[in-house]
Number of protein chains: 2
Amino acid sequence: MALAQAIMTSLLDADLSGSELARDFEKSMGFFWQASHQQIYQELRKLSQKGWLNKREVNQTGKPNKILYGLTLAGRKALADWVYGPTRVQPTKDELLLKLYNLSEENAEHLIGEITQRREEVMQRLYLYETIRRRHYADPAALPVRHKGVYLALESGIHQGEQFLAWCDQALELLATV
Amino acid sequence: MALAQAIMTSLLDADLSGSELARDFEKSMGFFWQASHQQIYQELRKLSQKGWLNKREVNQTGKPNKILYGLTLAGRKALADWVYGPTRVQPTKDELLLKLYNLSEENAEHLIGEITQRREEVMQRLYLYETIRRRHYADPAALPVRHKGVYLALESGIHQGEQFLAWCDQALELLATV
DNA sequence: GCGAAGCATGCAAAAAATTGCAGCAGCTTC
DNA sequence: GAAGCTGCTGCAATTTTTTGCATGCTTCGC
């Protein structure tokens with residue numbers, strides 16, 4: 001969809017390599033954008049060819065060399081322009097909710113298990129986000145402009161997580177009576 | 001991902017045609033599963049070949065004929081088994097949050113506009129869901145088992161929507177100071 | 001009765017994403 | 001020093017999704 005812009009956005013603050021980007025996507029942007037490393041490497045090549053990124057190889061001790069990518073001026077310009085274009089959303093696809101449509105006496109117990117497990121996963125991610133908020137965004141109003149945006153995205157993730165936990169509790173309560 | 005199961009799940013209550021399925025997806029399942037009509041028609045063909053669906057043509061007055069699909073016994077069995085398999089989630093991809101990462105003094109006004117617009121859209125969907133809840137799920141504890149699951153999925157959509165509205169307000173407040 | 005609009009179905013090409021694998025470097029273990 | 005593990009990069013095939021039509025049939029407006 002807009003993988004190119006997701007990558008370029010990640011490179012706003014620092015130059016990163018493909019594998020660093022892949023890890024970043026899982027962490028900070030993970031809740032509203034995810035991409036596999038194959039996707040990222042392919043896109044990096046395309047963006048370099050377009051002249052939006054430049055690359056330089058970096059020797060590392062103890063690890064194989066990595067290739068750092070950074071935004072070019074043209075890249076920064078393209079990204080800034082993109083903000084004014086159309087905005088697409090690709091809603092979640094969640095097999096768990098689909099499974100709930102198939103709830104029965106027989107599978108209720110299994111689904112309770114799945115919800116419990118998911119609750120756990122979400123709680124962990126939520127914990128991570130709240131740590132980040134406490135550490136970097138204690139005083140949102142005082143942040144530099146761009147970081148206010150980043151903060152709001154983080155807030156969105158936290159809201160989402162909290163909402164999901166509340167829903168899990170409601171679901172588990174109702175399912176207990178099945 | 002699990003388009004096949006999404007379609008079969010829609011056919012649990014009633015036999016539907018391709019276009020009816022496409023409309024259904026937009027409405028009831030829309031917030032956690034979306035599919036275009038091309039995807040649906042293709043998948044319907046595959047599922048028929050597998051023997052999980054049967055089809056019959058229905059003459060309509062005032063409209064072109066449609067082809068109704070219904071679950072076969074094998075289809076019902078496959079769907080029931082699928083519930084015990086692995087559950088995949090494909091998180092949202094939202095360009096709006098990505099754009100927020102690129103917030104600047106210059107584009108703040110534009111992004112405020114986008115958030116306002118999105119808030120409106122979500123509010124309308126939320127209104128629809130709440131209407132459905134009031135009409136069909138006034139007393140959740142009294143529902144037949146399977147409908148409890150459907151109710152919970154609906155609740156998830158409502159939670160999500162409410163959460164999003166709250167986030168929008170928070171975002172607009174913070175952005176007002178930029 | 002003619003053109004426009006809408007519904008239902010579908011094909012085909014292109015783009016995007018996933019899956020599975022592989023090479024290579026250095027480090028660790030035995 | 002051979003075998004195995006990990007980190008980084010990448011290719012290739014397949015599957016999934018999107019995009020852009022095409023067809024036929026019916027009503028509706030004029």
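Convention: sequence-line order gives letters A, B, ...; per-chain numbering from 1.
Checking the phosphate oxygens (OP1, OP2) of dT9(C), no side-chain nitrogen or oxygen of Arg45(B) falls inside 4.0 Å. The phosphate of dT9(C) (OP1 or OP2) has a side-chain N or O of Tyr41(B) nearer than 4.0 angstrom.
Whole-Å rounding puts the Lys46(A) NZ to dC11(D) C1' distance at 15 Å. Regarding Arg23(A), its CZ atom lies at a distance of 14 Å from the P atom of dT6(D), rounded to whole Å. Following rounding to the nearest Å, Glu43(A) (CD) and dA15(C) (C1') show an atom-to-atom distance of 11 Å. To the nearest angstrom, P of dT19(C) lies 15 Å from CD1 of Ile40(A). Taking atom CZ of residue Arg56(B) and atom P of nucleotide dT9(C), one finds them 13 Å apart after rounding to whole Å. Distance NZ (Lys66(A)) to C1' (dT6(D)): 16 Å, rounded to an integer number of Å. Put simply, CD on Gln34(A) is 15 Å from P on dA16(C), counting in whole angstrom units. Rounding to whole angstrom units, CG of residue Leu3(B) and P of dA17(C) are separated by 17 Å.
Residues from residues 84-102 of chain B placing a heavy atom under 4.0 Å of any atom in DNA chain D do not occur.
Residue order along DNA chain C, read from the 5' end via each residue's closest nucleotide, puts Gln42(B) first among Gln39(A) and Gln42(B).
For Tyr101(B) and Phe32(A), the ring centers sit closer than 6.0 Å to each other. His37(B) and Tyr41(B) have their aromatic ring centers within a separation under 6.0 angstrom.
For the 3.5 Å distance criterion, the side chains of Thr9(A) and Asn102(B) qualify, holding a donor opposite an acceptor. Judged purely by distance below 3.5 Å, without hydrogens or angles, the side chains of Thr87(A) and Lys99(B) pair a donor atom with an acceptor atom. Donor-acceptor pairing under 3.5 Å is lacking for the side chains of Tyr129(B) and Gln124(B).
Using modelled atom types, no side-chain atom of Trp33(A) and backbone atom of Ile7(A) make a donor-acceptor pair closer than 3.5 Å.
Grouping the Ile, Leu, Val, Met, Phe, Trp and Tyr side chains by contacts below 4.5 angstrom, directly or via other members, places Leu154(A) with Leu12(A).
Residue Ser17(B) places its side chain closer to dT9(C) than to any other of dG10(C), dT17(D), dT9(C). Comparing dT16(D), dA8(C), dT18(D) against the side chain of Ser36(B) picks out dT18(D) as the nearest.
Remark: Arg23(B) does not engage Glu26(B) in a salt bridge, criterion side-chain N to carboxylate O under 4.0 Å.
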N/O-N/O pairs, protein side and nucleotides 20-24 of chain D side, under 3.5 Å:
{"residue": "dG20(D)", "atom": "O6", "partner": "Gln38(B)", "partner atom": "NE2", "Å": "3.3"}

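Sequence neighbours left out, the pairs with a member in residues 116-126 of chain B that pass salt bridge (charged side-chain N to carboxylate O under 4.0 Å, His left out) are Asp94(B)-Arg118(B), Arg119(B)-Asp169(B).
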